[in-house]
> 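My structure is below; once you've seen it, I'll send some questions.
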Amino acid sequence: MMENRNSAGILGTGWYVPERIITNEDLEQMVDTSNEWIVERTGIHERHAAALDQPTSDLAERAARMALEDAGVAAADLDLIIVATLTPDRVMPSTASVLQDRLGARQAAAFDLSAACSGFDYAAVVACQFIETGVYRHILVIGAETMSKVIDWTDRNTCVLFGDGAGAAVFGSVEDGLGVQSFDLGSDGSGSELLQIPAGGSLKPLTAEALLMHENCVHMDGRAVFRFAVRILGETVEKSLAKAGLKKEDIDWLVPHQANTRIIDAAASRLELPAEKVIVNIGKYGNMSAASIPVALAEAAHAHRFRKGDLVALAGFGAGLTWASCIMKWAKED
Ligand code: ACO
């Protein structure tokens, strides 16, 4: 951290998942799969799905209200709202602007950030720059997704993996020395074809034919993404640790992106972390993309797992390809 900067950290967290649950047994009725395959290959037992008339902003609002209350910050005192999502309500306007109105955050600037599953970490790092320089005092960062709306429910390679949810954190100035210690953000666009929604953008506007081919849905080379993820998740945390002059054994908690338990286990093993230091909730939620990390973080915080001063490492990867990690000393009194 540069001298004369404020320390930036999390003042409060919140999360929300929609009521409807889709179990592996439900999926057995929809595609050629089995509960055993899904549990063994991914660790997922069930996931939540938004109602058809429930947009991403609805999930985001509920998580945001919980985080604001936890932080003791009024919406009117927010300076900026960043929503990390790949499933915005609409391409235009931003979901963050919709949310700003709903929350009554009249002073807040607002924008969406696109970095797929790495989005929350990216947004957290952006927020911290404004806090550290003293430009802004309170920033609401949300990872929110309705993946159920961009999934091809006839494709067993993808439909078993994803779920809907939202996680939020209010960032602000914290006690000197606490809060964010370092971060690592990265991208390798040469892998942009590996994980994509082919149609609906300027490259391939949505047509009847594209809809018929399900090109408005997530397409993924699972094996290639798996290989990338297993390498990058541990590597990015090691880079962040080195930047802060910290070692693996200094980590109290790893909050990884929840895409596959085998990917999480590989990262934990590389970082020599015992299972009890790794926050895992993939079994009940699946991969919620940008919402995975903040939901895991908020659940753990509200379960009183973090003590003030604990070293918490957030680490994600996703489409882009992108990756991100952020290391913080937990600043909130339990
Ligand atoms: N049920 C039964 N069989 C299946 C299913 C399913 N749901 N899905 C795939 N299979 C089959 C495949 O067709 C394949 O059959 P084949 O050998 O006859 O072709 C077989 O299972 C094995 O397939 P693999 O791809 O080798 O299975 P793997 O063990 O790699 O697991 C998985 C697949 C779970 C997708 C894994 O590769 C993975 O987790 N990849 C990373 C995915 C990921 O993290 N994506 C999200 C990134 S985050 C973001 O930005 C959105």
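The analysis underlying the following values was restricted to heavy atoms, covering all of them including side chains, and did not include hydrogens, waters or symmetry mates.
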> How far does CD1 of Ile151 sit from CZ of Phe162, to the nearest 0.5 angstrom?
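CZ of Phe162 is found 5.0 Å from CD1 of Ile151.
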> Is Lys284 salt-bridged to Glu46, going by a charged N under 4.0 Å from an acidic O?
no
> Same cluster or not: are Ile293 and Tyr16 linked, directly or through other Ile, Leu, Val, Met, Phe, Trp or Tyr residues, by side-chain heavy atoms under 4.5 angstrom apart?
no
> Between Tyr136 and Phe171, is any pair of side-chain heavy atoms under 4.5 Å apart?
no
> Spell out, as yes or no, whether a donor-acceptor pair under 3.5 Å connects the side chain of Ser292 to the backbone of Met288.
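Checking the backbone N and O of Met288 against the side chain of Ser292, a donor-acceptor pair under 3.5 Å is found.
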> Return the CD1 to CG distance between Ile21 and Asp26, rounded to the nearest 0.5 Å.
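Reported to 0.5 Å precision, the distance equals 9.5 Å.
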> Is Arg65 salt-bridged to Glu61, going by a charged N under 4.0 Å from an acidic O?
yes
> Got Leu314 and Phe183 here, is their nearest side-chain heavy-atom distance under 4.5 Å?
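SC-SC contact between Leu314 and Phe183 ruled out.
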> From Ser173 OG over to Arg5 CZ, what is the distance, rounded to the nearest 0.5 angstrom?
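Result: 12.5 Å between the selected atoms.
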> Which pair of heavy atoms, one from Pro55 and one from Thr146, lies closest together, and at what distance?
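Minimum heavy-atom separation between Pro55 and Thr146: C-CG2, 4.2 Å.
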> Has the side chain of Gln107 got a donor or acceptor atom that lies under 3.5 Å from a matching backbone atom of Ala105?
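Not a single qualifying donor-acceptor pair exists.
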> Taking it one step at a time, do His219 and Asp155 satisfy side chain to side chain donor-acceptor pair (under 3.5 Å)?
CA-CA 9 Å; His219 287 238; Asp155 176 15; over 6 Å; no
> Side-chain contact test, heavy atoms from C-beta onward, threshold under 4.5 Å: evaluate it for Ser94 versus Val83 and give yes or no.
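Not touching, per the 4.5 Å side-chain cut-off.
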> With no hydrogens and no angle check, do the side chains of Ser118 and His257 hold a donor and an acceptor under 3.5 Å apart?
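Side chains of Ser118 and His257: no pair found under 3.5 Å.
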> Taking the side chain as every heavy atom from C-beta outward, state whether Val218 and Leu161 have any pair of such atoms under 4.5 Å apart.
no
> Does CZ in Arg262 sit with more than 12 non-hydrogen atoms of other residues, nucleotides or ligands closer than 6.0 Å?
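It does: Arg262 CZ has more than 12 such atoms within range.
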> Let me have the donor-acceptor pairs involving side chains of residues 191-200, under 3.5 Å, with sequence neighbours excluded, atom names and distances please.
unit_1: Ser192; atom_1: OG; unit_2: Gly189; atom_2: O; d: 3.2
unit_1: Gln196; atom_1: NE2; unit_2: Glu193; atom_2: O; d: 3.3

> Taking Phe111 as the starting point, is it possible to reach Val141 by hopping between hydrophobic residues whose side chains are less than 4.5 Å apart?
yes
> If you define the side chain from C-beta out and look only at heavy atoms, does anything of Ile10 sit under 4.5 Å from Leu297?
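In contact.
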> Would you say the side-chain atoms of Thr56 and Thr85 include a donor-acceptor pair closer than 3.5 Å?
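Checked: Thr56/Thr85 side chains show no N/O donor-acceptor pair below 3.5 Å.
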> The test is side chain to side chain contact (heavy atoms under 4.5 Å, CB included); show your working for Met220 and Asn157 and say whether it passes.
CA-CA 8 Å; Met220 179 177 74; Asn157 291 296; 5.9 Å; no
> Would you please say whether a donor-acceptor pair under 3.5 Å links the side chains of Asp184 and Thr236?
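Judged by distance alone, the side chains do pair up.
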> Do Phe317 and Leu273 belong to the same hydrophobic cluster, where Ile, Leu, Val, Met, Phe, Trp and Tyr are linked whenever their side-chain heavy atoms lie under 4.5 Å apart, directly or via other members?
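Phe317 clusters together with Leu273.
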> Do any side-chain atoms of residues 119-130 form donor-acceptor pairs under 3.5 angstrom with protein atoms, and if so which ones, sequence neighbours left out?
unit_1: Tyr122; atom_1: OH; unit_2: Gly186; atom_2: O; d: 2.9
unit_1: Gln129; atom_1: NE2; unit_2: Val125; atom_2: O; d: 2.9

> Enter the distance from Leu212:CG to His214:NE2 here, rounded to the nearest 0.5 Å.
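Those atoms lie 7.0 Å apart.
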> Do the side chains of Val180 and Leu246 join up, straight or via other hydrophobic residues, at under 4.5 Å, putting them in one cluster?
no
> To check you understand the geometry: which heavy-atom pair defines the closest contact between Ile142 and Ala168, and what is its length?
CG1-CB, 3.8 Å
> Which pair of non-hydrogen atoms, one from Ala84 and one from Ala290, has the smallest distance, and what is that distance?
O-CB, 3.5 Å
> Measure the CD1-OG distance between Ile264 and Ser269 for me, rounded to the nearest 0.5 Å.
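With rounding to 0.5 Å, CD1 (Ile264) is 13.5 Å from OG (Ser269).
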> Begin from the C-alpha positions of Ile82 and Leu140 and carry the test side chain to side chain contact (heavy atoms under 4.5 Å, CB included) through to its verdict.
CA-CA 6 Å; Ile82 311 176; Leu140 176 62; over 6 Å; no
> What's the spacing between Leu321 CG and Cys117 SG if we round to 0.5 Å?
10.5 Å
> Do Tyr285 and Ile44 land in one hydrophobic cluster if side-chain heavy atoms of ILVMFWY residues count as linked below 4.5 Å?
no
> If we count only N and O atoms by modelled type, under 3.5 Å, do the side chains of Thr322 and Ser187 hold a donor and an acceptor together?
no
> Please tabulate, for the side chains in residues 30-40, all donor-acceptor contacts under 3.5 angstrom to protein atoms that are two or more places apart in sequence or on a different chain.
unit_1: Ser34; atom_1: OG; unit_2: Trp37; atom_2: N; d: 3.0
unit_1: Asn35; atom_1: OD1; unit_2: Asn24; atom_2: ND2; d: 2.9

> So do the side chains of Val174 and Ser7 get within less than 4.5 Å of each other, counting heavy atoms only?
yes
> Measure across Arg47 and Val160 and return the closest heavy-atom pair with its distance rounded to 0.1 Å.
NH2-O, 2.8 Å
> Is there a side chain to side chain contact (heavy atoms under 4.5 Å, CB included) between Leu254 and Leu271? Walk through the geometry before answering.
CA-CA 9 Å; Leu254 174 66; Leu271 296 168; 4.2 Å; yes
> Taking salt bridge (Lys or Arg N to Asp or Glu O under 4.0 Å) as the criterion, tell me which of Arg270, Lys243, Lys247 meets it with Glu238.
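When salt bridge (Lys or Arg N to Asp or Glu O under 4.0 Å) is applied between Glu238 and each of Arg270, Lys243, Lys247, only Arg270 qualifies.
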> Throw together a table of side-chain donor-acceptor distances under 3.5 angstrom for residues 326-334, partners on residues two or more places apart or in other chains.
unit_1: Lys332; atom_1: NZ; unit_2: Leu11; atom_2: O; d: 3.3
unit_1: Lys332; atom_1: NZ; unit_2: Asp70; atom_2: O; d: 3.0
unit_1: Glu333; atom_1: OE1; unit_2: Lys308; atom_2: NZ; d: 3.3
unit_1: Asp334; atom_1: OD1; unit_2: His304; atom_2: ND1; d: 2.9
unit_1: Asp334; atom_1: OD2; unit_2: Arg307; atom_2: NH1; d: 2.9

> Below 3.5 Å, can you tabulate the donor-acceptor pairs from side chains in residues 71-81 to any protein atom, sequence neighbours excluded?
unit_1: Asp79; atom_1: OD2; unit_2: Arg137; atom_2: N; d: 2.7
unit_1: Asp79; atom_1: OD2; unit_2: His138; atom_2: N; d: 2.9

> Is there a side chain to side chain donor-acceptor pair (under 3.5 Å) between Asp164 and Ser148? Walk through the geometry before answering.
CA-CA 6 Å; Asp164 298 347; Ser148 61; 2.6 Å; yes
> Is there side-chain contact between Asp252 and Val312, with at least one heavy-atom pair below 4.5 Å?
no
> Tell me if the CD atom of Glu249 is crowded by more than 12 foreign heavy atoms within 6.0 Å.
yes
> Apply the test side chain to side chain contact (heavy atoms under 4.5 Å, CB included) to residues Thr261 and Ile282: give CA-CA distance (whole Å), side-chain angles for both, the deciding distance (0.1 Å), then the verdict.
CA-CA 7 Å; Thr261 41; Ile282 186 174; 3.6 Å; yes
> Side-chain donor-acceptor pairs under 3.5 Å in residues 274-281, sequence neighbours left out?
unit_1: Lys277; atom_1: NZ; unit_2: Ile251; atom_2: O; d: 3.3
unit_1: Asn281; atom_1: ND2; unit_2: Glu299; atom_2: OE1; d: 3.3

> Which atom pair, heavy atoms only, marks the closest approach of Leu86 to Ser289?
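Closest pair (atom of Leu86, atom of Ser289, distance): CD2-OG, 3.4 Å.
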> Under a 3.5 Å cutoff, is there a donor and acceptor pairing between the side chains of Asp89 and Ser57?
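The criterion, which ignores hydrogens and geometry beyond distance, is satisfied for Ser57 and Asp89.
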> Which atom pair, heavy atoms only, marks the closest approach of Ala8 to Glu132?
CB-CG, 3.8 Å
> Give a yes or no on this: more than 12 heavy atoms of other residues, nucleotides or ligands lie within 6.0 Å of atom NZ of Lys204.
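Count not over threshold, so no.
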